[in-house]
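First the proteins, then the strands, lettered A, B, ... as listed; each starts at 1.
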Amino acid sequence: MSIFIKLGWYFKQEWKIYLIGLFGLLLTALVGIVPPRIIGVLVDTIHNGKLSGQSLLVLLGVLTLAAFAQYGARYMWRTAIWGEAAKLEKVLRNRLFKHYTEMDLEFFQKYRTGDLMAHATNDLSAIQRVAGGGILQFADSMITGGTTLIAMITLIDWRLTLIAIIPFPLLAVMARYLGTKIHIAFRDSQAAFSRLNNKAEESITGIKVIKGLGQQQEDMDDFNNQVATTININRRVNRLDSLFDPMTTMIIALSYVVTIVYGGYLVTNGSITIGSLVSFVSYLAMMVWPMFAVGMLFNTLERGNASYDRVMDLLKQKSAIIDDADGVDKAPKGEIDYHIQKFSYPDDQRAALQNINFKVPAGHTVGLVGKVGSGKSTILRLILRQFDNYQGSIQFGGIDIKHYKLDALIPAIGYVPQDTFLFSDTIRENIRFARPESSQAQVEEAAQKSDLYEQIQAMPDGYDTAVGEEGISLSGGQRQRLAIARALLINPELLILDDALSAVDAETETQILANLHAERQNKTTIISAHRLSSVMNADEILVIDDGQIVERGTHAELMARGGWYREMFERQELETKVKGGAN
Amino acid sequence: MDNSKHQSAWSKSIPFGEQMRIIGRLFHYAAPYKWYFYFSVGFSIAVAVVNIYLPRIIQVYMDSHLVVGRTDFQMMWFFAGLYFFGMVMKAIMQFVQSYLYEMGAEYMLENTRRKLFAKLHTLGMRYFDQTPSGSILSRLTNDTMAFANFWALFNSLVVTISAMVSSFIAMYMVDLKISLWLLVFMPFLFVMVWYYQRYSTRVYRRMRERLSLLNAKLAEGITGISVIQQFRQEKRINEEFNGTNDQYYNTRKAMIRINSLLLNPMINLFYALGTVLVLGMFGVRGLHAYVAAGVIYAFITYLNNFYNPMSEMMDRLSDFQDGVVAGSRVFRIMDDQTVEPQQHPVKGATITRGKIEFRHVTFSYDNVNPVLHDVSFVAEPGQTVALVGETGSGKTSIINVMMRFYEFGEGQILLDDRDI
Ligand SMILES: Nc1ncnc2c1ncn2[C@@H]1O[C@H](COP(=O)(O)OP(=O)(O)OP(=O)(O)O)[C@@H](O)[C@H]1O
Ligand SMILES: [Mg+2]
């Protein structure tokens with residue numbers, strides 16, 4: 001029941017419509033008493049030979065009226081209660097999504113995408129079931145169950161009523177018990193389905209490897225085994241599911257046995273009329289659903305409660321990144337001054353960065369190089385305020401980045417992440433993601449700068465070509481360049497390229513770098529890369545190893561120094577030479 | 001958004017003849033499990049027959065025993081026992097009916113998946129390059145599921161029809177004239193079902209489309225979170241999401257309204273009006289003659305049985321279109337002719353030395369623009385041959401052809417001097 005209290009804010013907010021719904025239910029229940037009784041009365045008057053044309057007309061008139069009144073009342077509660085449930089789901093979904101977009105990276109590392117999806121779908125649907133089915137089950141068991149019971153006791157016979165409904169609580173028990181079992185079985189079944197799904201996905205995406213290694217038969221056997229497991233798990237679901245109706249039939253049968261014997265006895269000794277017995281049987285049928293509802297209510301509330309707690313847990317989490325409300329509002333400009341004594345990732349003891357100090361004067365370019373996992377991306381992420389819990393400070397234009405409003409700081413930075421993410425949308429929308437109001441000319445300009453212009457021109461749909469999940473598959477290099485165009489569109493004060501040229505060929509790389517150099521006078525750029533040619537022309541190059549700067553200087557200085565940089569450069573040089581020679 | 005294309009594929013209506021052909025083929029897939037379905041249908045009919053007898057028992061009990069006062073406890077227990085026995089039989093048959101059908105449908109579903117999966121393995125690489133993997137996966141899992149739901153609709157139809165037919169027969173046996181009068185409602189009922197099916201299918205489809213769009217946005221909002229935040233687009237993305245959420249909510253409300261107008265409440269109204277007619281006719285007769293209580297009871301109960309399974313069946317009608325659409329997509333894969341290069345009938349040759357020779361190989365992916373022109377080279381055993389060139393010059397294609405992911409057009413590839 002506690003979930004009803006937890007959802008109290010919603011019921012309070014929507015009380016009017018809920019009141020209409022409950023009124024509709026009450027009306028449905030009250031009017032529902034009429035037809036069985038009328039049938040009984042008619043049976044009796046015919047039986048006694050006292051039926052007159054007039055009374056027949058009255059009875060039929062009332063019955064017709066009741067029919068339409070019930071139709072109206074049913075429409076009323078259905079639209080009200082189901083509508084409210086849908087609305088609750090909508091409200092919560094908006095809130096949850098908003099919360100997601102406000103959370104920091106830590107949050108997204110803690111919860112996997114699939115879980116976050118599940119909370120926003122399955123959990124919300126369990127909660128909305130409380131606001132719909134739950135309310136209905138609660139009200140139905142009380143209102144419909146109550147009125148019918150009272151009708152049976154007052155209009156027919158209280159002894160017969162009490163005896164005949166003895167088996168009925170079993171319906172509630174069964175609904176609860178079978179409901180729980182089915183829920184568990186169904187969860188297993190869904191898990192089996194998603195395993196099957198994963199297996200199939202693996203095979204389809206890896207089809208080339210499978211064919212290349214001639215593993216078709218093994219793969220099919222594997223799939224078939226998975227299918228067999230699924231069938232076994234679903235057998236249980238089907239068995240439980242098929243039990244519902246028969247069990248109901250059995251429980252009702254018990255009730256009928258009592259009614260036939262005891263009701264028959266009461267008729268023969270004259271305590272009730274034959275018409276009353278006919279009415280009684282109808283009322284009995286009307287008690288089935290409310291009893292069911294009691295049992296189902298427990299399940300609905302239980303699941304809704306668990307889901308609600310999970311969703312609230314998520315909503316309670318706060319982002320570690322605090323947007324300074326009184327922060328500086330103007331767009332940052334000028335020098336980057338980076339001083340980090342120490343930074344560790346949350347839940348990780350190791351220092352990811354140590355003593356990283358460097359400056360990027362306005363208009364300069366700094367290059368970051370180093371081994372895989374050395375900390376290049378980490379350095380960049382701190383500038384983007386993805387993590388705030390470091391010792392030290394980062395200044396942009398002489399002001400600590402934490403003292404800017406996020407709305408001022410972030411739009412000044414153009415970021416091209418290491419792994420490109422594109423939205424399922426057109427190329428145009430992806431390029432102007434940061435500024436949807438941009439004109440076609442601006443989009444084309446950005447495409448030009450990232451050396452993508454001709455390739456887009458060559459596509460049949462041009463800028464309207466859809467990319468992402470549903471669209472065409474772009475090559476890795478094309479995707480990267482699209483991401484670069486996206487960052488360049490806003491003409492950012494600071495441009496951050498995190499290994500963003502890794503998938504383009506040397507020629508294109510040179511072209512893009514030249515474009516950047518020409519375009520971005522007085523604007524700062526930080527490039528992280530594995531290929532040293534990307535950073536060769538930078539004003540300063542930092543070699544990072546294990547979270548620390550191990551070498552620094554210009555290309556010429558570092559070459560003269562003869563450390564890791566030079567060794568790496570010569571190795572890469574050789575590679576290009578060999579490639580060039582073979583061509 | 002790219003959804004417009006998506007949508008049109010969904011809402012595209014399939015001509016009636018084509019629909020029938022697809023349904024015919026669906027039946028074909030059920031054939032191996034036909035006994036499950038035959039027995040299940042048999043039990044549906046049996047349950048319907050028991051449903052005729054149960055009210056009969058009470059009718060006889062009332063009219064021949066209670067009313068005339070010719071009863072003792074023994075007789076009462078006899079009727080109670082008879083009724084109980086009938087109910088037990090009904091319960092058992094209900095279970096068997098439902099279980100057999102669901103298992104039959106389950107086997108059919110999984111078997112279709114197996115067949116489809118096996119078929120996928122016979123398709124050439126060309127197919128996989130041209131079809132997004134997400135859509136292939138969706139054929140294999142979701143679409144097969146959709147036509148399993150379609151199959152459940154048949155079960156519902158069978159149950160509904162046997163209930164209607166049996167109840168009607170029962171009413172006919174109790175009172176011929178009144179039962180015929182009840183047919184007056186039939187045209188209205190048909191119009192209502194027809195209208196509901198037409199209208200609700202459309203709304204339902206729109207609702208589903210919007211839901212999948214909503215979920216796609218949700219997923220993208222999560223996976224693309226860093227891009228959204230890095231470009232400070234939280235607000236816009238939220239607004240977009242809320243817009244989609246609103247649209248979904250609106251269709252959902254429309255769906256609720258239609259269901260409230262035409263589903264349960266409407267069926268109940270039909271039943272109630274039927275009762276008015278039945279009681280009216282019995283009543284008129286009762287003005288100057290005797291009408292037994294049990295007869296009225298039985299007739300009203302039959303009327304109830306007649307309408308009872310209808311709303312569930314109608315609720316499932318929207319699975320019909322989905323099933324046909326899904327079926328047509330699955331069959332498109334089953335019928336796909338992009339076959340994989342064939343295994344040579346005489347196999348047994350094993351590669352012993354590893355000499356590779358390309359003789360004037362020409363190949364194209366799309367049969368229009370050749371990617372490889374007249375390529376010839378020899379790689380002797382033990383030799384390493386390097387393929388270099390610009391992106392898109394055809395390095396990967398040479399490997400593709402040699403691995404026989406694709407069948408090439410002209411020329412010969414020789415492995416150990418044997419044509420592959
Ligand atoms: N979110 C995280 N939580 C905890 N540890 C992390 C996280 N991201 C990175 N690390 C760790 O921090 C270290 C530096 O990682 P980082 O991604 O900065 O390396 P990188 O230099 O960018 O590597 P690459 O060249 O592969 O891009 C690695 O040891 C990595 O395991
Ligand atoms: Mg990195």
Side-chain angles (χ1 to χ4, degrees), chain A residues 42-43 46-47 51 56 60 63-64 67 71 74-75 78-79 82-83 86 90 93-94 97-98 101 108 113 116-117 120 197 200-201 204-205 207 212 216 220 223-224 227 231 234 238 242 245-246 249-250 253 256-257 260-261 264 267-268 274 278 410-411 415 421 423 433-434 466 470 505 582, chain B residues 2 66-67 69 71 76 79-80 83-84 87 90-91 94-95 98-99 102-103 106 110 114 117-118 121 128 133 136-137 140-141 218-220 222-225 227 230-232 234 238 241-242 245 249 252-253 256-257 260 265 269 272-273 276 279-280 283 286-287 291 293 296-297 388 391 403:
Chain A
L42 192 74
V43 165
I46 292 177
H47 184 65
L51 185 68
L56 177 65
L60 292 179
L63 210 54
T64 313
Y71 179 72
R74 282 200 165 104
Y75 177 79
R78 274 172 183 267
T79 44
W82 299 133
K90 180 189 95 162
R93 196 185 282 119
N94 271 351
F97 186 77
K98 180 156 190 291
T101 57
F108 289 98
T113 305
L116 293 177
M117 281 293 288
N197 213 20
E201 189 173 3
I204 292 168
T205 47
I207 190 86
Q216 279 106 321
M220 270 191 268
F223 183 81
N224 289 343
V227 164
I231 292 179
N234 284 342
N238 292 339
S242 302
D245 281 351
T249 304
M250 291 299 298
Y256 264 77
V257 167
I260 290 172
V261 175
V267 171
T268 42
I274 184 76
V278 173
I410 304 294
Y415 174 55
F421 179 87
F423 291 87
F433 178 75
E470 300 271 334
D505 56 75
Chain B
D2 69 304
L66 287 186
V67 173
T71 29
M76 288 176 182
F79 274 98
Y83 196 85
F84 188 74
M87 289 291 263
K90 177 173 152 182
Q94 273 176 329
F95 176 78
S98 161
Y99 184 66
E102 285 182 23
M103 280 323 286
E106 174 75 25
E110 304 296 355
R114 278 184 178 140
F117 193 76
H121 271 302
F128 292 92
S133 61
I136 302 177
L137 186 64
L140 190 62
T141 52
L218 179 65
E220 242 179 28
I222 297 170
T223 47
I225 188 68
V227 176
Q230 234 58 95
F231 289 101
R232 207 62 191 150
E234 291 96 327
N238 256 304
F241 184 80
N242 291 1
N245 201 5
Y249 169 67
R252 200 166 146 194
K253 270 215 329 216
I256 291 171
R257 255 196 313 272
S260 306
L269 183 63
L273 293 179
V276 172
L279 288 186
L287 288 175
V291 183
I296 297 181
Y297 163 79
V388 292
T391 10
M403 293 299 285

Next item on the list: Please report the closest heavy-atom contact between B:Leu137 and A:Glu201, naming both atoms and the distance.
Entry: CD1-N, 3.5 Å

Margin query: I'd like to verify something: which residue of B:Ala293, B:Gly224, B:Ala272 has the highest number of heavy-atom pairs under 4.5 Å with chain A?
Written below: B:Gly224

Next item on the list: Just say parallel, tilted or perpendicular for the rings of B:Tyr83 and A:Tyr256, cut-offs at 30° and 60°.
Entry: parallel

Check: In terms of heavy-atom pairs under 4.5 Å with chain A, which of B:Met87, B:Arg114, B:Glu110 leads?
Finding: B:Arg114

Next item on the list: With a 4.5 angstrom heavy-atom cut-off, could you sort out which part of B:Arg252 is near chain A: side chain, backbone, both or neither?
Entry: side chain

Check: Based on non-hydrogen pairs under 4.5 Å, which of B:Leu218, B:Leu140, B:Ile296 is most in contact with chain A?
Finding: B:Leu218

Next item on the list: Using non-hydrogen atoms and a 4.5 Å limit, figure out which bit of B:Ile225 sits close to chain A: side chain, backbone, both or neither.
Entry: side chain

Item checked: Interatomic spacing from CD1 in A:Ile260 to CE in B:Met76 - rounded to 0.5 Å -> 11.0 Å

Check: To the nearest 0.5 Å, how far apart are CD in B:Gln94 and CG in A:Asp245?
Finding: 5.0 Å

Next item on the list: Measure B:Tyr99 against the heavy atoms of chain A and call it side chain, backbone, both or neither at under 4.5 Å.
Entry: both

Notebook entry, point to check: Heavy-atom distance under 4.5 Å to chain B: side chain of A:Leu116, backbone, both or neither?
Noted result: both

Check: Between A:Leu56 and chain B, which part of the residue has a heavy atom less than 4.5 Å away: side chain, backbone, both or neither?
Finding: side chain

Notebook entry, point to check: Checking heavy atoms, do the side chain of B:Phe128, its backbone, both or neither come under 4.5 Å from chain A?
Noted result: side chain

Margin query: To the closest 0.5 Å, what do you measure between CZ (B:Phe117) and CD1 (A:Ile204)?
Written below: 7.0 Å

Item checked: Pairwise distance CD1(A:Ile231) to CE(B:Met103) - rounded to 0.5 angstrom -> 6.5 Å

Note to self: For A:Tyr415, which atoms come within 4.5 Å of any heavy atom of chain B: side chain, backbone, both, or neither?
What the structure shows: both

